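All residue numbers in this chain count up from 1 along the given sequence. Just so it is clear, the structure is predicted and the values come from calculations on it, not from any experiment.
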Amino acid sequence: MTVCYHQSTLKVCQPLDLSKPNPSSSRSLAIRCHLSVPSKTLFTEPQPVFSSVKSFAPATVANLGPGFDFLGCAVDGIGDFVTLRVDSDVHPGEIYISDIHGVGNSAKKLNKNPLWNCAGIAAIAVMKILNVRSVGLSLSLEKGLPLGSGLGSSAASAAAAAVAVNEIFGGPLSVSELVLAGLESEAKVSGYHADNVAPSIMGGFVLIRSYDPLELIPLKFPHEKDLYFVLVNPEFEAPTKKMRAALPKEITMSHHVWNCSQAGALVASVLQGDLRGLGIALSSDKIVEPRRAPLIPGMEGVKKAAMEAGAYGCTISGAGPTAVAVTDDEERGKEIGSRMVEAFMEEGKLKASAMVKRLDRVGARLVSSIPR
């Protein structure tokens with residue numbers, strides 16, 4: 001069995017929370033970010049503690065406007081499920097994808113070869129870390145996210161698979177190792193970026209501080225604040241690789257400075273629970289969105305409709321075509337979504353569906369298990 005795995009190190013920084021006063025100086029926040037967790041292979045192979053497990057990993061919104069490839073968050077209530085079981089018919093040390101089903105045309109489009117499937121690649125990476133050699137595993141993937149939607153479909157599959165393999169062996173791996181396994185999958189499918197897979201595994205908002213070495217900073221949005229994402233998905237596929245190809249090779253210094261300031265404002269707004277500030281920053285990208293919006297029929301009109309309906313901000317979710325708006329009221333979110341759906345039809349001649357979801361603060365998790 002061929003195994004693809006990127007040996008790296010990862011630092012997981014302590015969550016930043018500005019909602020509570022800290023008498024220490026600002027330097028104390030930086031000191032928290034020196035927890036280094038190296039990737040490793042376990043020398044003693046663990047034995048399965050469950051005969052089967054089922055895991056879930058949430059959808060994600062990457063980029064968040066100016067945070068291209070370094071900011072993302074998890075969305076509650078939608079995502080992918082993976083069911084994994086110990087299978088004596090599968091060669092020891094290998095994984096077999098038995099079934100793929102779910103929304104849209106997932107079953108027809110996704111490859112069941114684990115070397116070319118997001119879930120399979122992540123599962124193999126975790127098996128390699130754990131040094132699994134004595135048992136074979138079979139995997140069933142239930143897609144709750146449409147392909148090419150801009151909601152982290154590939155990352156959700158990878159995150160759910162990584163968590164499932166880890167949990168069936170008792171959960172010995174750290175969050176950082178699971179992110180690296182999921183990132184191995186993302187690198188093969190859509191590029192080496194963690195702004196989907198990290199929040200899908202970790203939950204909440206996540207800042208990718210560095211890619212070499214990989215360093216992640218969880219950003220804590222205040223629990224007492226209401227935050228709703230209005231997600232409007234048109235019947236239009238926008239493959240990540242195609243949308244990345246549309247990006248500029250060079251940018252002006254003024255656009256660089258502008259986007260940096262907006263990304264900084266977005267992070268501050270998340271930590272403070274300032275939805276108005278978050279919305280302004282979310283809507284202010286001058287580098288990526290201007291190149292991608294024209295490739296999504298009606299996108300500019302959809303953004304305008306969202307703002308006129310009372311959204312704090314609106315942008316493209318990930319590579320698109322899903323448009324995401326933010327608000328602090330669920331009923332207002334439904335009205336915003338309705339206006340955005342109308343705009344997709346009027347401006348882009350595309351049918352679309354809307355949903356209003358909260359922030360997922362948990363990330364990928366085990367949902368059921370059967371002991372051996």
>> Which residue in the set D76, D329, D226 passes salt bridge (charged side-chain N to carboxylate O under 4.0 Å, His left out) when paired with R358?
In response: D226
>> Exactly one of V197, V189, L141 should register a side-chain contact (heavy atoms from CB on, under 4.5 Å) with C118. Which one does?
In response: V189
> Under 4.0 Å between a Lys/Arg side-chain N and an Asp/Glu carboxylate O for E184 and K188?
Replying inline: no
> Are K303 and E289 within salt-bridge range, i.e. N to O under 4.0 Å?
Replying inline: yes
Expected output: side-chain [X] to main-chain [Y] donor-acceptor under 3.5 Å:
X: K286; Y: S254; result: no
X: S140; Y: S98; result: no
X: R361; Y: F221; result: yes
X: R209; Y: I217; result: no
X: S51; Y: I370; result: yes
X: S200; Y: N196; result: no
X: R365; Y: G363; result: yes
X: S317; Y: G150; result: yes
X: K304; Y: A343; result: no
X: D328; Y: Y228; result: no

If Ile, Leu, Val, Met, Phe, Trp and Tyr residues are connected whenever their side-chain heavy atoms lie under 4.5 Å apart, and connections chain through other members, are [X] and [Y] in the same group?
X: L173; Y: L214; result: yes
X: I296; Y: V302; result: yes
X: V126; Y: M202; result: yes
X: L216; Y: Y211; result: yes
X: I336; Y: Y312; result: no

Between [X] and [Y], is any pair of side-chain heavy atoms under 4.5 Å apart?
X: D89; Y: Y96; value: no
X: L227; Y: F229; value: yes
X: R244; Y: D69; value: yes
X: P290; Y: D285; value: yes
X: N166; Y: P172; value: yes
X: I251; Y: N259; value: no
X: N233; Y: P321; value: yes
X: L350; Y: E235; value: no

>> Go through it in stages, so that I can follow the logic: the residues are D195 and F70, the test is side chain to side chain contact (heavy atoms under 4.5 Å, CB included), and I'd like the CA-CA distance, side-chain angles, deciding distance and then a yes or no.
In response: CA-CA 6 Å; D195 49 345; F70 65 87; over 6 Å; no
> What's the shortest heavy-atom distance between V326 and G279, and which atoms?
Replying inline: CG2-CA, 4.1 Å
> Listed by chain and number, what are the side chain to side chain donor-acceptor pair (under 3.5 Å) partners of K357, not counting sequence neighbours?
Replying inline: none
>> side chain to side chain contact (heavy atoms under 4.5 Å, CB included) for V206 and I201? Distances and angles first, verdict last.
In response: CA-CA 10 Å; V206 179; I201 289 175; over 6 Å; no
>> What verdict does the side chain to side chain donor-acceptor pair (under 3.5 Å) test give for S55 and E167, after you've listed the backbone C-alpha separation in whole Å, the side-chain angles of each residue and the deciding distance to 0.1 Å?
In response: CA-CA 9 Å; S55 63; E167 291 297 331; over 6 Å; no
> Passes side chain to side chain contact (heavy atoms under 4.5 Å, CB included), V49 versus R372? Steps please.
Replying inline: CA-CA 6 Å; V49 297; R372 292 196 82 187; over 6 Å; no
>> Just checking K112: does its NZ atom have more than 12 heavy atoms from other residues, nucleotides or ligands closer to it than 6.0 angstrom?
In response: yes
